[in-house]
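Shown next, in structure tokens, is the structure this report addresses.
Every number for a ligand or one of its atoms is a count from 1 in the order of the listing.
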Amino acid sequence: MNKMTVRDIDVAGKKVLVRVDFNVPVDLKTGEITDDSRIRASLPTIKYLLERKASIILMSHFGRPKGKVVNDMRLAPVAKRLSQILKQPVKTTDDCIGPEVEKAVKALKPGDVLLLENLRFHAEEEAGDAGFAKALASLGDIYVNDAFGTSHRAHASISGIARYLPAVAGFLLEKEINTLGSLIEKPAHPFTALFGGAKVSDKVAVLKNIMKKVDCLLIGGGMAATFLKAQSYNVGTSLVETESVETAAGLLKEAKKSGVRILLPVDAVVADELNSESKAEVVAIDKIPPMKMIADIGPKTVALFSQELKRSKTVFWNGPMGVHEIPQFAKGTHALAKLIAGLKATTVVGGGSTAEVIDSMGLTDKVTFVSTGGGASLEFLGGDELPGVTALRDKK
Ligand code: ADP
Ligand code: MG
């Protein structure tokens, strides 16, 4: 990576503002953090700064409060978990800017850790507002970006703030860029990308770029319905974004021209509704009943995709194959997760849900790398510049 990191700047005794991604999954009923890997992923940077007696001011977003204070989206539970992991207190504030925050920052001693309140309680954060970025910047001496998963967004705390402070990368950001970078620079072939999940329009756009790098694209999950529709299959009541159908059709055409193989499901698990009471039924892909929706890939598709993955030297996986949160629709996702974890290939997994699946199955150590970014890793792999990375200082 050609950007400066925390190693390249004197942090000793400084007030260091660190943008982290503490947008952890929580149990909606109890509010408990169900997976703290995003918190743990920021530890190398935090520990490095602590060892050098910096005062650390952490900033993060959490959930989608849309510019308003939402009590369920406060960061206090995250601060509590971080303090358990660090075995030292982590202070919190009720806001991320303002007089109370300034007072708390002033009181920080070397080696103290403070976590500011959810950045997205202010609409200015996602709008990339310069005044808000400046107010955040005024709290510290140095800015560190360690929030790879949000670095594809030109938000105030991601790219805006870098205009006002010396801005460098944290270790997580560095590792992400280096690992994903080597994937597109010199991947061992065959290179297969497996896509699924629900964010069709986001993902379809980056597929165009990724297609230039891979030999084979496997498409399952909610996304598959859009591609099937583009090939004039009836997909029943499956979620299809009309604008994306044309893009999908274009991609299929382009793939044919450039010799990239795109494989779609040949069978599917369908249901009336996507809830835990729904009955699952396997049908051939050209036999989807008009009142049913695709909830998972079927066993023949699992076999087809497995065959392709097994002969690959590089695999990138983003997006579950079905509604994996519901047991009867999780089989396709679990089968391919297991298979990918057992491959003797470079295997990189990205995406919030996908990373959760890998983690919950205890397979994190069995793949080469689990990216903490979903959209960010896709945009990077697609060859796009990430605003949060571009904004950092170049290495001398
Ligand atoms: P990631 O977080 O890994 O990037 P996405 O956010 O794109 O993945 O999508 C994850 C979601 O996609 C999951 O909540 C899952 O239930 C949903 N999903 C997967 N397959 C389907 C489908 N066939 N229909 C509806 N939703 C689906
Ligand atoms: Mg997701």
Side-chain angles (χ1 to χ4, degrees), residues 21 23-26 28 34-35 37-38 61-64 148-150 152-153 180 193-207 210 218-229 233 235-241 244 264-265 267-276 278 280-283 285 288 292-298 301-302 305 316-337 340 348-361 363-364 367 369-382:
D21 181 356
N23 188 26
V24 292
V26 293
L28 289 178
T34 52
D35 177 4
S37 27
R38 284 191 175 170
H61 71 283
F62 181 67
R64 293 173 192 261
F148 175 74
T150 322
H152 58 315
R153 307 284 187 215
L180 296 174
L194 172 66
F195 284 100
K199 291 178 199 156
V200 181
S201 51
D202 287 12
K203 293 189 186 182
V204 168
V206 284
L207 283 184
I210 287 176
L218 308 173
I219 297 175
M223 263 178 104
T226 302
F227 281 85
L228 291 166
K229 186 90 190 176
Y233 284 100
V235 293
T237 53
S238 307
L239 187 78
V240 173
E241 286 172 27
S244 299
L264 300 177
D267 61 349
V269 176
V270 296
D272 295 324
E273 272 176 82
L274 301 177
N275 61 47
S276 52
S278 306
E281 181 191 344
V282 176
V283 297
I285 213 67
I288 298 174
K292 297 214 179 211
M293 56 178 79
I294 302 174
D296 193 6
I297 53 173
T301 307
V302 170
F305 286 7
F316 176 73
W317 177 27
N318 173 289
M321 293 295 105
V323 187
H324 67 98
E325 298 91 338
I326 302 172
Q328 64 268 39
F329 307 134
K331 287 188 191 130
T333 303
H334 288 175
L336 292 187
I340 289 170
V348 177
V349 177
S353 297
T354 320
E356 259 179 84
V357 169
I358 289 286
D359 183 65
S360 69
M361 293 174 76
L363 299 175
T364 305
V367 294
F369 184 64
V370 179
S371 173
T372 51
S377 49
L378 290 180
E379 291 199 14
F380 183 79
L381 289 176

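Here's the thing with H324: none of its N/O atoms is less than 3.5 angstrom from an N/O atom of ligand 1. Considering backbone and side-chain N/O atoms, A198 comes within less than 3.5 Å of an N/O atom of ligand 1. Considering backbone and side-chain atoms alike, G222 places an N or O below 3.5 Å from some N or O of ligand 1.
Close approach of ligand 1 to L274 is summarised as follows: ligand atoms under 4.0 Å from at least one heavy atom of the residue are 25 (C). Per-residue contacts place G351 under 4.0 angstrom from the following atoms of ligand 1 (heavy atoms of the residue considered): 1 (P), 2 (O), 3 (O), 4 (O). Ligand-side atoms of ligand 1 in range of P320: 3 (O), 8 (O), 10 (C), 19 (C), range being under 4.0 angstrom from any heavy atom.
With respect to atom 3 (O) of ligand 1, the closest heavy atom belonging to the protein is T354 OG1, 2.5 Å. With hydrogens left out, the protein atom closest to atom 10 (C) of ligand 1 is S353 OG, 3.3 Å, a heavy atom. Looking from atom 19 (C) of ligand 1 to the surrounding protein, the closest heavy atom is G322 O, 3.1 Å. In terms of protein heavy atoms, atom 26 (N) of ligand 1 is closest to V323 CG2, 3.7 Å. Closest to atom 16 (O) of ligand 1 among all protein heavy atoms lies E325 OE1, 2.7 Å. Nearest non-hydrogen protein atom to atom 6 (O) of ligand 1 is K199 CE, 3.4 Å.
Heavy atoms only, all atoms of each residue included: V357 and A337 are closest at CG1-CB, 4.3 Å. Listed here is the closest heavy atom pair of F148 and S371: CE2-OG, 3.7 Å. Looking at every heavy atom in both residues, M321 comes nearest to D296 through O-OD1, 3.5 Å. Of all the heavy atoms in V269 and I297, the pair that sits closest is CG2-O, 3.6 Å. Residues V283 and V270 approach most closely at CG2-CG1, 3.8 Å, considering heavy atoms.
Not a single donor-acceptor pair under 3.5 Å links the side chain of S377 to the backbone N or O of G350.
Screening I285, L218, L228 for a side chain to side chain contact (heavy atoms under 4.5 Å, CB included) involving L264 leaves a single residue, L228.
Between I294, L239, V270, it is I294 that holds the heavy atom closest to atom 24 (N) of ligand 1. Summarising the contacts of atom 7 (O) of ligand 1 with M293, K203, M321, E356, the nearest heavy atom is found in K203.
In this structure, G352 has a heavy atom closer than 4.0 Å to ligand 1.
Checked by atom type, the side-chain pair D267/T301 shows a donor-acceptor distance below 3.5 Å.
Here the CG-CZ distance, from L274 to F329, works out to 6.0 Å after rounding to the nearest 0.5 Å.
Heavy atoms of other residues, nucleotides or ligands lying less than 6.0 angstrom from NZ of K292 number more than 12.
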